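One structure is given below, encoded as structure tokens.
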Amino acid sequence: MTISAERPTDVVASISAPPPSAASSWTQRPGWLSQHLGTAIVGAVLGYVLGHWFGNFVSSSYPYIANSGQNAIADALGLSVGVLGWLLGIGALNYPLAKMIGREGGEEPAVEGWSKYFRYSLDHKTVGMQYIVGVLLFMFTGGLLAMAIRTELLNPTTHVFSPDTYIKIVSEHGTIMMMMATSIIVGPLGNYLVPLMIGARRMAFPRIEAFSFWIFVAGYMVIFSALPFGGFPTGWTGYAPLQTQAGPGMVSYLLGFAVIGLGMMAAGFNIAVTIINYRAPGMTWSRLPIFVWSILATAALLTLATPVLFAGGLFGLLDKTIQTSFYVTEHGGSSYLWQNLFWFFGHPEVYIMALPGFGIVGEIMPVFTRKPLFAYKVAAAGMIGVALLSFFVWQHHLFQSGINPDMRPLFMLTTELISIPTGFIFLVGMGTLYKAKIRYEVPMLFCMALFFNFLIGGVTGVFLSDVPVNVTVHGGFFVLSHFHYTIMGGLLFAFMAGLYFWLPKMTGRMMNSRIGKWHFWTMFIFFNLTFFPMFVIGLLGQPRRVFTYASNLQGLNDFSSVSAFLLGISFLIFFANLMWSMFISPVKAPANPWDSLGLEWQTANPVPPYNFERIPVIMTDPYRYSEPGAPAFADMGDGLTQSSSTTSSDQA
Amino acid sequence: MAAENSKGEVNDLRRMTMIWVVLSVVADLLFWFLVGPHVPPGRMTETAVNNQRTFNVLLVIALPVLIGVWVYLGYAATMWSAKREGVAESVGGEGARTNRKVQVWWIALTSVIVIFLAGYGTFAVIAEHGSGGGEGPNPVWSPSGATQAETAALSGSSSWTPGHVLVVQVIGQQWKFTYRYPSFGGFESDKLVLPVNTEIAFNVTSLDVIHSFWAYQLSVKADANPQLNNVAYTETKHTGNFTVRCSELCGLWHGSMYNFGKVVSSTDFMNWASTTQSANAANTANLPPFAWTYVPDANGASGGWYPDGTVTPYSTVETYGSKTPAS
Amino acid sequence: MTETFDKSRGPSETPEEREFELRAQIGSIWSGGRLFIGMYTFLLASLVFSYFYLRSSNNGMEWRPHNQHAPLYYGWSIYLLTVAAALLAIYGQRRLRKGDVADFQVAGWTGVVCGLVALFLQIWEFQKLSFYPGASGYSSTFIGFAVMNIMSLVIGTYWLETTLARSLRLRRELGGDKPELSMAATAQEFRAGVASMAYFWGFLAIGGALLTAMFYVM
């Protein structure tokens with residue numbers, strides 16, 4: 001260890017332990033009486049009932065509201081207090097409340113085994129695992145809704161659903177998927193891996209991290225509660241005045257965004273601060289693994305863009321409940337205000353959904369090519385560039401909206417400029433592949449597919465940013481296909497790559513490679529077969545979110561639908577693989593199955609509660625593959641300095 | 001990739017380049033001559049022609065990019081696979097880590113392409129008077145004569161003769177489009193009929209929520225906002241039928257919010273317009289005076305009701321063209 | 001606030017590691033405090049943007065009909081109380097750095113009272129408004145501002161209160177009668193937290209100047 005101590009060690013040794021905390025309180029007792037998912041659900045239900053009653057109570061003197069049968073105040077208060085009850089039940093508020101009487105964080109009860117996954121865990125590894133289940137729950141819910149959409153679109157005139165049900169499904173699908181996608185990599189892999197990759201023993205703010213997960217689940221339930229409330233008809237974009245016109249389901253949407261927004265801010269905040277402060281000694285900025293760079297850029301976007309969404313949701317809620325007129329043009333508001341606020345958040349959000357994917361491919365490709373990451377600095381610069389530029393492009397969503405056209409060339413320029421830093425990622429990927437001996441394990445296949453898919457998504461993005469072409473493609477299936485190519489073809493493929501790659505580390509069990517390849521090929525083929533026709537459908541004039549369409553487009557739509565069903569089956573294959581490999585027939589994973597040099601593979605497996613026996617000291621760049629005589633990435637302090645040259649043998 | 005110039009390296013790059021050039025040229029030519037002329041939105045109007053051309057130019061540039069990356073990925077995937085016999089071991093080290101020349105070229109090339117595209121797009125959108133997109137209440141790129149025609153329309157002194165700008169108002173409401181013709185007494189119709197070889201100024205507004213007026217074959221798209229006049233221009237070039245769809249989610253029957261219009265000869269249009277004007281005269285008398293926006297009253301927030309009594313444009317700031325405000 | 005390291009379950013720590021952890025924790029509090037201000041800036045900026053956007057749009061001439069004004073006395077009182085709380089927090093933080101815990105506590109509790117009174121006034125002001133929430137663009141943004149200001153005051157006052165409550169329990173580490181002990185890890189962390197809190201209050205005071213001017217004066 002070479003951490004320079006500035007003070008004599010005896011001073012450090014005299015640090016007094018924090019005063020004993022509320023260790024005797026009942027919340028600290030492990031067991032079914034303590035706080036866990038069950039108490040959270042009880043708290044949420046009680047909170048909802050209480051809030052709803054209170055909402056009715058306070059508005060009972062306004063006959064206009066009380067007799068309307070749609071008391072948005074009661075709905076909003078019910079859901080808000082429900083969320084509060086949920087947090088209280090899971091134990092998220094123990095610490096903030098204890099602080100008010102001056103108590104510092106007590107030690108959490110040492111819960112081992114399965115039950116820790118149902119608790120407010122302060123271990124970033126547990127939170128990461130919780131997030132995996134959370135985002136998969138989101139994803140499968142949204143996926144089922146997608147199947148319903150494609151079923152409806154099988155025929156232009158014969159309908160499976162009523163238009164009312166259909167628009168609910170479309171809106172719910174969009175909202176759930178978008179909120180899922182903001183967390184799908186940052187949540188599970190970001191939380192789990194970032195401390196391991198930077199050589200930290202912990203997160204900077206583990207309680208904020210745990211909060212981010214549990215409020216994410218609460219947000220999921222709030223958004224989902226729109227369905228029993230009658231749904232909302234606005235799509236995930238929630239444009240006013242349709243938003244103002246909509247029924248009580250809209251409250252769930254607005255509050256859901258605000259609640260999940262809190263979770264996104266919390267997650268990004270904690271991760272950004274951790275990366276800045278907890279990097280192991282020697283881990284300079286130029287030695288940071290590229291995945292950590294991508295998560296840092298994402299965290300910056302999460303923390304800075306999401307407050308705008310929160311504000312937008314808050315204003316919308318005020319409109320719905322106490323009848324302000326932020327988005328009501330007739331009363332001095334403006335529907336453009338929502339569009340501006342929403343997209344000011346919404347466009348950085350798009351990159352929240354792209355950057356972690358870039359990070360994952362940047363991290364995984366060197367392992368399977370046995371080559372250093374090509375142009376590391378360009379990759380990091382690309383991510384920062386994308387993050388910065390993403391704040392200056394939002395008006396390209398409003399090209400046809402009737403806002404002042406003066407700025408249109410400017411936003412066309414900024415939008416197209418963003419493809420330069422995005423292009424950096426392709427340079428990095430292609431440079432890494434150059435003259436490599438590529439091993440095709442399942443994660444590598446997903447990485448290659450990402451480049452294939454994201455290229456189509458990126459290039460069509462340039463079409464969309466071009467104002468003249470935008471006239472044809474705006475608001476149609478073309479744009480729909482474009483963002484499915486970037487988010488699903490990019491982010492989701494990267495997530496799958498990450499799962500196949502890191503699950504052995506996280507669970508100690510290998511994913512079955514044979515089923516994995518089936519999963520990959522079905523997903524890759526049917527993803528493209530589902531969404532590529534949609535470019536054509538869009539160009540031929542089909543608007544988004546319709547449930548009736550021109551009869552001459554039935555062939556293409558049916559093709560897309562059938563492919564979508566097969567794509568759904570591909571996800572079932574994934575699910576089967578997950579169940580098979582994790583629970584039914586687990587195969588113990590070797591300590592470093594892919595022969596990676598990454599720091600996360602150097603620590604013991606399963607990862608000890610504090611990650612590293614000694615805080616590692618970083619010696620060199622992270623990707624010195626196939627470089628005989630290169631020093632080891634890190635000195636693990638265990639006397640077993642591993643040289644990268646010993647790991648260069650090909651095990652494929 | 002660095003200094004050493006082994007034979008294999010040259011061969012790899014040369015092969016890729018050859019494949020890329022051949023495929024790109026073939027794809028570009030095939031696209032430009034076979035597919036390009038049929039690319040939506042067709043050639044019915046000036047904006048359609050220009051937007052089709054812009055799309056084709058973009059795709060001709062995009063195809064080599066796509067093919068370049070795909071050829072590279074495909075080549076790498078097959079030739080450098082560990083499964084292949086005799087593939088050399090990967091070589092690490094400084095040479096594999098960076099290559100200044102490649103990086104600079106890549107960045108320069110992408111920047112040039114991107115800036116060219118932005119410049120081309122800007123040129124196109126300005127030269128084509130907004131390319132058929134909604135320019136809001138105060139358009140900055142208007143064709144000549146449009147401002148006068150719009151001012152005349154609002155002041156009620158509008159008339160139309162062939163060769164001049166025709167002002168048409170598009171009113172969206174849940175869930176249909178209707179059209180008003182200020183040059184013909186301000187009658188309202190659910191049919192959109194346009195004269196050929198005429199500059200059309202669409203004034204798009206809504207009575208309830210946001211819709212989007214998408215005249216597909218005309219290559220016109222403008223959001224219909226309540227309380228706002230969104231202006232879009234196009235010039236009709238050929239006669240024929242076209243589809244109008246709503247392309248902004250507007251509630252339950254968004255998918256069913258479409259109708260059809262046609263572009264006809266000037267004489268046919270005049271006949272249709274004057275016939276409809278007189279046929280609808282009784283209805284027109286009950287309509288509110290022509291204005292850029294309409295405010296439904298409290299009972300008609302989404303039902304297409306108009307207020308009782310005399311109605312003036314709701315807001316003076318919403319009138320057309322701050323450059324030449326209508327009195 | 002970062003949490004304390006669980007020493008019962010953790011691995012053995014070398015003194016250097018403990019020092020490293022301590023510095024990382026202090027750094028986290030420092031950068032976390034700044035990042036939080038950054039986030040909060042974006043939140044308030046959304047409100048400022050809404051204000052000026054609606055003001056310049058003036059849709060339907062309904063930005064501010066009938067010269068609507070929120071009660072000025074309330075506005076000034078709330079703002080001055082915010083500034084007072086901020087000054088007290090900053091003053092207390094400086095005294096604490098010098099080792100004077102008592103000064104910090106007196107200043108701090110006074111600041112808490114200022115914050116609570118401001119909070120009360122901000123809520124009570126709803127009773128005194130001459131317009132209803134949806135009366136105009138201005139009235140809407142004003143309600144938005146009031147809600148956000150309630151949020152700011154709750155956060156600021158809560159944060160100040162927790163540091164004070166903590167300081168009561170940390171008396172020994174914070175120095176006072178034994179200044180040499182103030183180098184203890186808990187004391188260093190605590191002071192970093194107090195500094196972040198004082199910064200946040202300063203931010204509220206400065207941001208509040210703009211918001212107060214927008215909503216009460218302009």
Side-chain angles (χ1 to χ4, degrees), chain A residues 1 3 5 7 9 11-13 15-19 99-105 107 110 122 201 204-207 265 269 272-274 276-278 281 303-305 307-308 310-312 314-315 318 322-326 328-334 336-337 340-341 608-610 613-615, chain C residues 1-11 14-21 24-25 27-28 31-32 35-36 38-40 42-43 46-47 49-50 53-54 57-60 62-64 132-141 143-144 147 158 161-162 165-166 168-169 173 183-186:
Chain A
M1 287 302 299
I3 306 171
R7 291 185 287 117
T9 49
V11 174
V12 180
I15 292 170
S16 57
K99 274 180 85 76
M100 290 192 71
I101 51 169
R103 288 208 159 119
E104 201 48 63
E107 311 304 345
L122 301 192
R201 285 177 160 171
F205 301 103
R207 286 193 171 81
M265 285 186 264
F269 178 81
V273 171
T274 305
I276 292 168
N277 291 292
Y278 275 85
T303 42
L304 298 182
V308 182
F310 183 81
L314 175 70
F315 298 160
L318 291 176
I322 60 170
Q323 316 281 323
T324 54
S325 56
F326 278 99
V328 186
T329 313
E330 292 90 328
H331 299 294
S334 171
Y336 289 122
L337 179 60
N340 276 305
L341 289 177
Y610 285 95
E613 205 51 47
R614 296 262 75 84
I615 294 181
Chain C
M1 260 323 103
T2 54
E3 287 74 30
T4 48
F5 203 80
D6 178 354
K7 289 171 186 74
S8 58
R9 285 167 66 219
T14 62
E16 289 90 350
E17 283 178 339
R18 210 169 291 172
E19 171 73 11
F20 175 80
E21 285 281 344
Q25 282 179 21
S28 300
S31 41
L35 187 56
F36 184 64
M39 288 161 70
Y40 220 85
F42 270 78
L43 184 71
S46 317
L47 179 71
F49 172 79
S50 307
Y53 192 86
L54 296 184
S57 311
N58 194 9
N59 283 326
E62 289 278 335
W63 158 247
R64 200 173 195 170
Y132 59 94
S136 64
Y138 167 76
S139 69
S140 302
T141 47
I143 298 288
V147 170
Y158 167 80
E161 197 275 339
T162 54
R166 185 89 182 117
L168 291 176
R169 287 177 193 271
E173 280 90 341
M183 284 308 284
T186 34

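These values consider heavy atoms only, across backbone and side chains, with no hydrogens, waters or symmetry-generated copies. Here the structure is a predicted model, which means the values were calculated and not measured.
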- [ ] Could you have a look at A:Val273, A:Leu318, A:Thr274 and say which one has the most heavy-atom pairs with chain C under 4.5 angstrom?
- [x] A:Val273
Open item on the list: Distance check, rounded to the nearest 0.5 Å: A:Tyr278 atom OH versus C:Glu21 atom CD?
Closed with: 5.5 Å
Open item on the list: Looking at chain A, which one of C:Ser50, C:Ser31, C:Ala135 has the largest number of heavy-atom pairs inside 4.5 Å, strictly under?
Closed with: C:Ser50
Task: A:Ile615 side chain reached by C:Glu16 side chain, heavy atoms, under 4.5 Å - done: no
- [ ] Might you point out which heavy atoms bring C:Asn59 and A:Ser334 nearest each other, and give the distance in Å?
- [x] ND2-CB, 3.4 Å
Open item on the list: With a 4.5 angstrom heavy-atom cut-off, is it the side chain or the backbone of A:Leu314 that approaches chain C, or both, or neither?
Closed with: side chain
TODO: Compare all side-chain heavy atoms of C:Glu62 with those of A:Glu330 and state whether any distance is below 4.5 angstrom.
DONE: no
Task: Candidate pair C:Arg169 and A:Arg103, rule side-chain contact (heavy atoms from CB on, under 4.5 Å), full reasoning - done: CA-CA 8 Å; C:Arg169 287 177 193 271; A:Arg103 288 208 159 119; 4.1 Å; yes
Task: Most contacts with chain C, counted as non-hydrogen pairs under 4.5 angstrom, among A:Val328, A:Ile101, A:Ile276 - done: A:Ile101
Task: Interatomic spacing from OG in C:Ser140 to CD1 in A:Ile322 - rounded to 0.5 Å - done: 9.0 Å
TODO: Keeping the roles fixed (side chain from A:Arg614, backbone from C:Glu17), state whether a donor-acceptor pair exists under 3.5 Å.
DONE: no
Task: Close side-chain approach of C:Thr141 to A:Phe315, heavy-atom, < 4.5 Å - done: no
TODO: Decide yes or no for A:Met100 and C:Glu161: does some side-chain heavy atom of the first lie under 4.5 Å from some side-chain heavy atom of the second?
DONE: yes
- [ ] Could you list the residues that satisfy side chain to side chain contact (heavy atoms under 4.5 Å, CB included) with A:Ala272, not counting sequence neighbours?
- [x] A:Leu296, A:Ala299, C:Leu35
- [ ] To the nearest 0.5 angstrom, please state how far the OG atom of A:Ser325 sits from the OH atom of C:Tyr132.
- [x] 8.5 Å
Task: Minimum-distance pair of heavy atoms, taken over all atoms of C:Gly134 and A:His331 - done: O-CB, 3.8 Å
Open item on the list: Testing the basics here: between A:Pro307 and C:Ser46, what is the closest heavy-atom pair and its distance to 0.1 Å?
Closed with: O-OG, 4.2 Å
Open item on the list: So, taking the atom named CE in C:Met39 and the one named CZ in A:Phe310, what distance separates them when rounded to the nearest 0.5 Å?
Closed with: 10.0 Å
TODO: Check whether A:Leu304 gets within reach of chain C through its side chain, its backbone, both or neither, counting any heavy atom under 4.5 Å.
DONE: both
Task: Over all atoms of both residues, closest heavy-atom pair of C:Phe36 and A:Phe269 - done: N-CE1, 3.8 Å
Task: Contact origin within C:Leu168 toward chain A - heavy atom pairs under 4.5 Å - done: neither
TODO: Flag the one option from C:Trp63, C:Tyr40, C:Phe49 with the top tally of heavy-atom pairs under 4.5 Å to chain A.
DONE: C:Phe49
